[in-house]
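Only one structure is covered here, and it is reproduced in the block below.
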Amino acid sequence: MVWLSDDGGASYSLSSTVFSWMDECTMAELSDGGVYINMRNNHSVCRCRASAVSSDGGASFGAVRWDRDLPSPVCQATLSTAGGHLLFA
């Protein structure tokens, strides 16, 4: 489940999507207004990060994708956007 706020924390809503076996997520707004979520993956599919995209402001998310180019470290990762680019660290 994802709790999110789009009003600076004055109120929160809960996404209807449940991400089983995922934790320590980070989100960023994409240039097209979508919401990208990147999560630590606790599945045995790969030792990589998992991601999904929402097209309704985070109310729900599409299917989980395995980002095999992004290793899943033992610490939380972070996202940011700058100049229309999505940055991962």
Side-chain angles (χ1 to χ4, degrees):
M1 291 184 195
V2 178
W3 288 90
L4 55 108
S5 174
D6 62 1
D7 58 10
S11 64
Y12 287 86
S13 60
L14 180 63
S15 171
S16 64
T17 306
V18 174
F19 296 105
S20 299
W21 295 96
M22 305 289 174
D23 61 24
E24 294 183 345
C25 68
T26 185
M27 296 188 292
E29 184 174 359
L30 302 173
S31 59
D32 65 1
V35 178
Y36 173 83
I37 186 169
N38 187 283
M39 304 160 279
R40 188 193 304 190
N41 160 27
N42 291 307
H43 285 272
S44 61
V45 173
C46 64
R47 294 182 58 98
C48 61
R49 304 287 294 182
S51 65
V53 176
S54 170
S55 60
D56 58 11
S60 64
F61 286 84
V64 170
R65 293 183 351 184
W66 308 109
D67 289 335
R68 295 181 189 279
D69 292 332
L70 297 176
S72 190
V74 294
C75 60
Q76 184 168 346
T78 189
L79 291 173
S80 186
T81 54
H85 299 281
L86 183 62
L87 307 172
F88 176 82

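The analysis underlying the following values was restricted to heavy atoms, covering all of them including side chains, and did not include hydrogens, waters or symmetry mates.
Remark: side-chain polar atoms of S5 are paired, donor with acceptor, to backbone N or O of S11 under 3.5 angstrom.
A search for disulfide bond (SG atoms under 2.5 Å apart) contacts involving C25 returns nothing, not counting sequence neighbours. Remark: T78 pairs with no residue by the side chain to side chain donor-acceptor pair (under 3.5 Å) rule, at least two apart or across chains. With sequence neighbours excluded, the residues forming a side chain to side chain donor-acceptor pair (under 3.5 Å) with S60 are D56, listed by chain and number.
At least one side-chain heavy atom of R40 sits less than 4.5 Å from a side-chain heavy atom of R49. The side-chain heavy atoms of M22 and N41, taken from C-beta on, include a pair separated by under 4.5 Å. Residues L30 and L86 meet the side-chain proximity criterion, which asks for heavy atoms closer than 4.5 Å.
For residues 25-36, the set of pairs meeting the side-chain hydrogen bond (donor to acceptor under 3.5 Å, both in side chains) definition, not counting sequence neighbours, comprises Y36-N38, Y36-D67. Annotation: salt bridge (Lys or Arg N to Asp or Glu O under 4.0 Å) contacts involving residues 74-87, sequence neighbours excluded, are absent. Residue pairs meeting the ring-ring contact (aromatic ring centres under 6.0 Å, His included) criterion with at least one partner in residues 65-89, sequence neighbours excluded, are H43-W66.
Note on M27 and L87: separate hydrophobic clusters, where clusters join Ile, Leu, Val, Met, Phe, Trp and Tyr whose side-chain heavy atoms are under 4.5 Å apart, directly or indirectly. Both L14 and V18 are assigned to one and the same hydrophobic cluster, defined by single-linkage of ILVMFWY side chains at heavy-atom distances under 4.5 Å. Both L70 and L79 belong to a common hydrophobic cluster when Ile, Leu, Val, Met, Phe, Trp and Tyr are linked at side-chain heavy-atom distances under 4.5 angstrom.
For the pair L4 and G57, the tightest heavy-atom approach, listed with the atom from each and the gap, is CD1-O, 3.5 Å. Pairing each heavy atom of A52 with each of G62, the nearest pair is CB-O, 3.6 Å.
Expressed to the nearest 0.5 Å, how far CZ of F61 lies from CE of M39 amounts to 8.0 Å. Considering CG of D69 and SG of C48, their distance stands at 9.0 Å, rounded to 0.5 Å. Taking CZ from R65 and OG from S51, the interatomic distance works out to 4.5 Å, rounded to the nearest 0.5 Å.
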